[in-house]
Amino acid sequence: MMTMQANELIEIRKALGMTQSALADELGVSRKTIMRMEDGGEIDRRTELAVRYLAAVHDDDDEPAVDTLNYRPATEEDIAAVRAGQQRELLNMEADLNRIRKAIRRIASQTPENDR
């Protein structure tokens, strides 16, 4: 399983000739998110896979954007791990939504009929 470090993210971004803002736009995140990751913050799996994909498909005169000896493409296991993470996030969101619904019903049942 791969784990991207801040220095690798910076190296790939620079090899792609992108600013933090340009990379953020490409990935659909904020520039602050890229800054945080480059300062040593956690790089989530989706971002890591997207950056590695950009590095793999970007070519300049048919030369790879990054040193391919240090590059390992995402495996089926990596992709499955990302999908499992997304599924867990959805289940957590659904559980949160159910708790909110229960709280709303509880509050509504405690509110006198005249106040509704």
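Side-chain atoms are counted along with the backbone in the values below, which use heavy atoms only and exclude waters and symmetry mates.
Under a 3.5 Å cut-off, the side chain of R13 and the backbone N or O of M18 do form a donor-acceptor pair. In this structure, Q20 contributes its side chain and I34 its backbone to no donor-acceptor pair below 3.5 Å.
Among all heavy-atom pairs drawn from T3 and E8, the shortest one is O-OE1, 4.4 Å. Heavy-atom minimum distance, M37 versus A6: O-CB, 3.4 Å.
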- Query: Would L97 and R101 satisfy side chain to side chain contact (heavy atoms under 4.5 Å, CB included), going step by step from the backbone distance to the final call?
  - Reply: CA-CA 6 Å; L97 184 56; R101 287 180 179 145; 3.3 Å; yes
- Message: Before you tell me yes or no, could you show the steps for E48 and V51 under side chain to side chain contact (heavy atoms under 4.5 Å, CB included), namely the whole-Å CA-CA distance, both residues' side-chain angles and the distance that decides it to 0.1 Å?
- Response: CA-CA 5 Å; E48 178 178 359; V51 169; 6.0 Å; no
- Query: So K14 and E38, salt bridge (charged side-chain N to carboxylate O under 4.0 Å, His left out) or not? Walk me through it.
  - Reply: CA-CA 12 Å; K14 288 181 178 180; E38 288 188 358; over 6 Å; no
- side chain to side chain contact (heavy atoms under 4.5 Å, CB included) between T33 and T47, intermediate numbers included: CA-CA 10 Å; T33 299; T47 300; 5.8 Å; no
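For E89 and R46, the salt-bridge test passes: some basic side-chain N is under 4.0 Å from an acidic carboxylate O.
Crowding of Q86 atom CD: a count of heavy atoms from other residues, nucleotides or ligands under 6.0 Å exceeding 12.
Inter-residue side-chain proximity for I12 and M4 is flagged as met; some heavy-atom pair is nearer than 4.5 Å.
The cluster map of Ile, Leu, Val, Met, Phe, Trp and Tyr, joined by side-chain heavy atoms under 4.5 Å apart, puts I10 and L16 in different clusters.
With values rounded to the nearest 0.5 angstrom, R105 atom CZ is found 7.5 Å from K102 atom NZ. Taken to the nearest 0.5 Å, the OG atom of S30 stands 10.0 Å off from the CG atom of D25. In this structure, CD in E26 is found 13.0 Å from OG in S21, a value given to the nearest 0.5 Å. With rounding to the nearest 0.5 Å, the separation of CG in L49 from CG in L54 is 11.0 Å.
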